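Accompanying notes for the structure given below.
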Amino acid sequence: MSDPLYPFSEIEQTVQRRWKEDSAYHVRRSESGPKYYCLEMFPYPSGRIHMGHVRNYSIGDAIARYKRMRGFNVLHPMGWDAFGLPAENAAILRGVHPADWTESNIAHMKEQLQKLGLSYDWSREIATCHPDYYRWNQWFFLKLLEKGLAYRKEALLNWCDSCATVLANEQVEDGLCWRCGNPVRLRTMEQWFLRITDYAEDLSKDLESLEGWPERVRTMQANWIAPSTGALIDFRIEPPSSRALPSEILTVFTTRPDTLFGVTFVTIAPEHPLLEALLEDSPENLPARSFIEQTLRARTHHNREEPEKEGVFSGLFLRHPLTGDRIPLWIGNFVVASYGTGVVMAVPAHDQRDYEFARKYGLPVRQVILPPGQERLSVLEKAITDDGILFDSGSFSGLAGDEARTAITAHLEMTGQGRMKKTYRLRDWGISRQRYWGTPIPVIHCPSCGIVPVPESDLPVLLPRDIHFTGKGGSPLADHPSFKGVPCPSCGGIGQRETDTMDTFIDSSWYFLRFAGIEDCPQDRPFSPEALSYWTPVDQYIGGVEHAILHLLYARFFTRVLFDLGLSPVREPFRTLLTQGMVLKDGSKMSKSKGNVVDPDQLINEYGADTVRLFTLFSAPPDKDLSWDDKAVEGAYRFLGRLYGRVDSLFEEFPEAGSIETGTWKESLSPEASVVRSKIHETIRKVTTDLENNAQMNTAIAGLMELLNTLSNFQGNALSEETESRRWVLVSGYRTLLLLLSPFAPHIAQHLGDRLGLGQRGHHGWPVPDDRALIRATVPFVIQVNGKLRATLTFPPDAREETVSEGAREDERVVRALAGQTILKTIFVPGKILNFVVRPS
RNA sequence: GCGAGAGUGGCGAAAUGGCAGACGCACCAGACUUAGGAUCUGGCGGGUAACCCCGUGGGGGUUCAAGUCCCCCCUCUCGCACCA
């Protein structure tokens, strides 16, 4: 490595030591100034930070530092999303205890973050795997259980036989287990769920109020929740004489009750919980059974394309609720079990999917709606899905659209065969994991009392440290000698502790409240109410767009629940959201498998933290993807090196630079100095507006580079004889530049700022542009002929049209362009442009 | 298929309807040097000796003036995707 351009290593170490000694970023509520809560998504302690983290935290730190300089009392905390699968895999592969693995990762990553010089209040650091954090997961769970918001139900889940565990959807890759590569199958299991669907309406409606969120994220959440209004309609099952049925009716969900008279069959999902019991145990049902089995197996293969619609007749018939017709019940692979009721009424004439299915299996197509302006055809070529006038629909014939839907639904409701219903695509949140490294779910299964919550006074239910990992899967807690067997808190009999742990998304659903509420927090509460109401909501949240749905939706849900429990002062946790783009290298996302990762540590060693931060902020706007370019990093490095060198030579010329006053300059400046002064104040204005509007840090930094270029040129040009004004302009210029730079490259800004006397003089605040300095003596006017640039001439900014026009007509190029032309009119924009509109004369 | 976003130099990118390409990278030339993969100075969209002409995915339109506003089309990225 060549010699450094400036001693960044010493500077960064010294400055960081001083921040630490001064507890510079430790905050408490109620200090002077309004509050500002700036938060970046906390990391999973995987072992090392990567460039995505560096980018995320550089953006957040720049915002936090900027707001601090603007006089806000800024909360800027950091912690660790410390539960999760990788810790257990490390335990299995390398025999390290998950707790030890996690702790050592945290220690290392914390060191890495500190080397970046991020202005965190480390006194609030939390790790979700610590009992004083996860006990509150358990406490909240008990509250939810009490409120009926946590419940158990049977559900179909991805199951890996070889690992003997449930897998989340995102852990299934092409139908195979991400860890062992064996096929995953669907299996029905009892699981804990949280009733997020109770909040679906709220979560969906309030998206509109989130004006500080990117439209993209709001749309993604809206599509994910996807409310849909329709009706539930009951179909009575024809009882086969031979036996009793598990239910007398099947209920369908439809958004098109107006097509009810066009129903020619009903389709049920193969996974439907009633189906097994509905099918008679007879040889005729063998095809149906084998169809179900096959479909379930195929389900797990995450095929890109839609599979062919397939189905089989169930052998059962239903009664149409209004016509009394006999309707066959089919089993179809295209029916989604977990949406609506898992049963759909099929109207082949008016639904494309039903149409395809009916054509394939020769089922009747019965048209009952005629859209305006269309002819009635004897044979349909595809489904007619538009609204229209009903016919062959009993007393409802002649009605149309919403009117027909309302009338039919009302009639069904009156006769007790149906009702209006709003359904959501969003499903309840399954939170059980058959895993060790997570929060134990605080309930006890008692043979006589059923499910008994662990009494609050017994919290936390601690994860036992002595655990044995076989690598064969299944929850290690289930094999623990003493964890599982416990007395029932209710009857004292022998009970069994729940051995499932919670989804780690629970941990990240309220950590932002803990950071705020941990200040003066009473022992028996998760938060200090005073601290919480002072700091919340988060004013600026920053993280990757990959969390646009899951984490952000869960966090919004959880915050609402806590609000309803009187524990959170706010319903929406994040006032404004910034989703930063990915860090790419060679056109694709950095990943170990592609071998295109850039190691932050190595970069910091080579160029220093300031350079690394500056480059990531400069090279692209925060919300766009950032293409990593080793060469371009050197550009940022050179800028800082040049700045350092220029300040050095400033001291050579003016050894007293650090102690001179740069208050108001009352005397007149030379024309050159005056231009430099304008540039200084224009830069203040530019950087400020760039930061206020969508954190456009790339252009803000470009502005700083321009200012340095201007100052450098002025400095290198020793023609000016007015030493005192020259010194004044240069010193105030560098002081301003360093203040404006400090959110982005804080170490060098602090160090050079100290040398230039910023520290002692209390100039910590963000500079304010001086309106008088913004007025330039002359500005360039663009002279156009028919909209084409012909000259650029300088005039005072308030020059009148006649003045500019006269000047323009003396310009050689303009004269040439106007020769032989008649001027029809002139367009004049003061301070900017003069356009001659001409035609040949 | 539905929804959202984006197409500008060799590259990352800038541009309240008013000089297209700020700033940076790469490249070229020069200076300093035993040396340059360091640093400094200058140049740098295309065509052209020059005057000028052309140029923001393509086509039309509005305007004195369009990367920016309106209409049509193409391409790419992301999200959802049999949700009844």
Side-chain angles (χ1 to χ4, degrees), chain A residues 2-3 5 214-224 226 228 230-231 252-256 259 267 304-309 332-347 350-354 356-357 385 423-427 545-546 548-549 581-582 584 614-615 618-621 623-636 638-639 641-642 645 686 689 696 698-709 712-713 716 780-792 813 816-817 824-829 831-838:
Chain A
S2 50
D3 282 348
L5 291 181
E215 192 57 43
R216 190 155 85 100
V217 175
R218 291 201 275 174
T219 310
M220 278 165 75
Q221 288 213 359
N223 291 342
W224 188 264
S228 146
V252 304
F253 172 74
T254 180
T255 54
R256 296 294 303 274
T259 63
T267 320
R304 281 288 121 202
E305 318 99 76
E306 242 168 59
E308 175 85 0
K309 287 180 184 48
N333 66 344
F334 64 99
V335 180
V336 178
S338 48
Y339 183 77
T341 61
V343 189
V344 296
M345 61 182 219
V347 187
H350 303 295
D351 182 286
Q352 188 57 28
R353 294 156 300 188
D354 298 340
E356 287 165 24
F357 194 80
T385 53
T423 306
Y424 302 88
R425 210 192 72 104
L426 179 72
R427 315 288 152 82
V545 74
E546 65 272 20
I549 296 175
M582 287 187 297
L584 308 177
L614 195 71
F615 169 75
F618 170 64
S619 237
D623 54 334
K624 293 228 285 183
D625 287 349
L626 169 72
S627 312
W628 192 265
D629 179 350
D630 292 331
K631 285 299 204 172
V633 176
E634 294 188 15
R638 277 199 287 264
F639 167 70
R642 204 157 51 234
K686 174 175 177 50
T689 52
Q696 295 301 324
N698 56 328
T699 49
I701 292 167
L704 298 178
M705 290 174 169
E706 282 186 57
L707 178 57
L708 178 63
N709 292 343
S712 287
N713 289 338
F781 274 72
V782 172
I783 312 301
Q784 297 179 335
V785 177
N786 276 353
K788 289 196 169 154
L789 175 74
R790 291 302 171 214
T792 313
R813 286 184 67 198
R816 226 175 14 239
L824 300 176
K825 64 172 166 173
T826 57
I827 307 283
F828 181 70
V829 181
K832 273 198 178 145
I833 207 160
L834 178 70
N835 186 10
F836 295 101
V837 183
V838 300

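Nothing here was measured: the structure is a model prediction, and the numbers come from that model. Sequence lines set the chain letters: A, B, ... in the order given, protein chains first and strands last, and positions in each chain run from 1. These values consider heavy atoms only, across backbone and side chains, with no hydrogens, waters or symmetry-generated copies.
Between A/Glu634 and A/Phe615 the shortest side-chain heavy-atom distance does not fall below 4.5 Å. At a threshold of 4.5 Å between non-hydrogen side-chain atoms, the residues A/Val343 and A/Val335 do not count as touching. Taking the side chain as every heavy atom from C-beta outward, A/Leu834 and A/Phe781 never approach each other to under 4.5 Å.
Remark: the separation of the P atoms in B/C70 and B/U62 is 15 Å, to the nearest Å. A gap of 24 Å separates the C1' atoms of B/A4 and B/A84, to the nearest Å. The C1' atoms of B/C32 and B/U39 are separated by 9 Å, rounded to the nearest whole Å. Separating the P atom of B/C28 from that of B/G45 is a span of 16 Å, rounded to the nearest Å. A gap of 36 Å separates the C1' atoms of B/G3 and B/A65, to the nearest Å. Rounded to whole Å, the separation between the C1' atoms of B/A15 and B/A20 comes to 7 Å. With both ends at atom P, the span from B/C44 to B/G58 equals 25 Å, rounded to whole Å. Rounded to a whole angstrom, the distance from the C1' atom of B/G9 to that of B/G5 is 24 Å.
Nucleotide B/G7 is shown with an anti base, its glycosidic torsion being more than 90° from 0.
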Close N or O pairs between protein and nucleotides 9-13 of chain B (under 3.5 Å):
from  : atom 1 : to       : atom 2 : distance (Å)
B/G12 : O2'    : A/Ser619 : O      : 2.6
B/A13 : O3'    : A/Asn698 : ND2    : 3.4

Could you write out each protein N or O paired with an N or O of nucleotides 44-49 of chain B at a distance under 3.5 Å?
none

Within the sub-3.5 Å range, which N or O atoms of nucleotides 50-52 of chain B have a protein N or O partner, and how far apart are they?
from  : atom 1 : to       : atom 2 : distance (Å)
B/C51 : O3'    : A/Arg816 : NH2    : 3.3
B/C52 : OP1    : A/Arg816 : NH2    : 2.6

Between N or O atoms, less than 3.5 Å apart, protein on one side and nucleotides 61-64 of chain B on the other: list the pairs.
from  : atom 1 : to       : atom 2 : distance (Å)
B/C64 : O2'    : A/Asn835 : ND2    : 3.4
B/C64 : O2     : A/Asn835 : ND2    : 2.7

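Of the inter-residue distances, the one linking A/Thr826 atom OG1 with A/Ile833 atom CD1 reads 12.0 Å to the nearest 0.5 angstrom. Atoms CZ and CD, from A/Phe334 and A/Glu356 in turn, are 9.0 Å apart once rounded to the nearest 0.5 Å. We find the CG-CG distance between A/Asn835 and A/Leu789 to be 10.5 Å, quoted to the nearest 0.5 Å. Here the straight-line distance linking atom CZ of A/Phe618 with atom OG1 of A/Thr699 works out to 10.0 Å at 0.5 Å rounding. In this structure, CD1 in A/Ile549 is found 7.0 Å from CD in A/Gln221, a value given to the nearest 0.5 Å.
Rounded to a whole Å, the CG atom of A/Leu789 is 15 Å from the C1' atom of B/C54. Atom CZ of A/Arg638 and atom P of B/C23 are 15 Å apart (whole Å). Residue A/Met705 contributes atom CE, which lies 10 Å from atom C1' of B/C25 at whole-angstrom precision. One atom, CD of A/Glu356, and another, C1' of B/A84, lie 14 Å apart when rounded to the nearest Å. With rounding to whole Å, A/Leu824 atom CG is found 12 Å from B/A65 atom P. If you measure from atom CD of A/Glu215 to atom P of B/G79, you get 18 Å, rounded to the nearest angstrom. In this structure, A/Lys832 atom NZ and B/A65 atom C1' are separated by 13 Å, rounded to whole Å. Rounded to whole Å, atom P of B/G24 lies 12 Å from atom CG of A/Leu614.
Counting all heavy atoms, side chain and backbone alike, A/Thr259 lies closest to A/Val347 at OG1-CG2, 3.4 Å. Scanning all heavy atoms of the two residues, the minimum distance from A/Arg642 to A/Asn709 falls at NH2-OD1, 4.2 Å. Considering all non-hydrogen atoms of both residues, A/Tyr424 and A/Tyr339 come closest at O-CE1, 3.5 Å. Smallest separation of non-hydrogen atoms from A/Ala548 and A/Met220: CB-CE, 3.6 Å. Considering all non-hydrogen atoms of both residues, A/Ala346 and A/Asp354 come closest at CA-OD2, 3.2 Å.
At distances below 3.5 Å, at least one donor-acceptor pair connects side-chain atoms of A/Arg256 with backbone N or O atoms of A/Thr385. Between the side chain of A/Gln696 and the backbone N or O of A/Pro621 there is no donor-acceptor pair closer than 3.5 Å. Judged by distance alone, the side chain of A/Arg813 and the main-chain N or O of A/Arg790 form a donor-acceptor pair under 3.5 Å. Put simply, the side chain of A/Asp625 gets close to the backbone of A/Met582: a donor and an acceptor are under 3.5 Å apart.
Comparing A/Asp354 and A/Ile833 against RNA chain B, the residue whose closest nucleotide sits nearer the 5' end is A/Ile833. For the pair A/Ala632 and A/Ala226, nearest-nucleotide mapping onto RNA chain B gives the more 5' position to A/Ala632.
Residue A/Lys631 is in sugar-phosphate contact alone, with no base atom involved, counting any heavy-atom pair closer than 4.0 Å across all strands shown. When heavy atoms are screened at a 4.0 angstrom cut-off, A/Arg425 is found touching base atoms of the nucleic acid. Counting non-hydrogen atoms under 4.0 angstrom, A/Gly635 reaches the backbone sugars and phosphates but no base. If you check every strand for non-hydrogen atoms under 4.0 Å, A/Ser228 touches sugar and phosphate atoms only.
By the ring pair (Phe, Tyr, Trp, His ring centres under 6.0 Å) test, A/Trp224 pairs with no residue at all, sequence neighbours left out.
Side-chain nitrogen and oxygen atoms of A/Lys788 include at least one within less than 4.0 Å of the OP1 or OP2 phosphate oxygen of B/C54.
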Given Watson-Crick and G-U pairs under 3.5 Å, RNA chain B in dot-bracket ([ ] crossing, | other strand) is (((((((..(((.....[....))).(((((.......))))).(((....)))..(((((..]....))))))))))))....
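Residue A/Phe334 places its side chain closer to B/A84 than to any other of B/A4, B/C23, B/A84. The listed nucleotides are B/G24, B/A22, B/C19; the one nearest the side chain of A/Ala702 is B/A22. Comparing B/A84, B/C40, B/C19 by their closest approach to the side chain of A/Pro780 singles out B/C19.
Under a cut-off of 6.0 angstrom, the local environment of CZ in A/Arg218 is crowded, with over 12 non-hydrogen atoms contributed by other residues, nucleotides or ligands.
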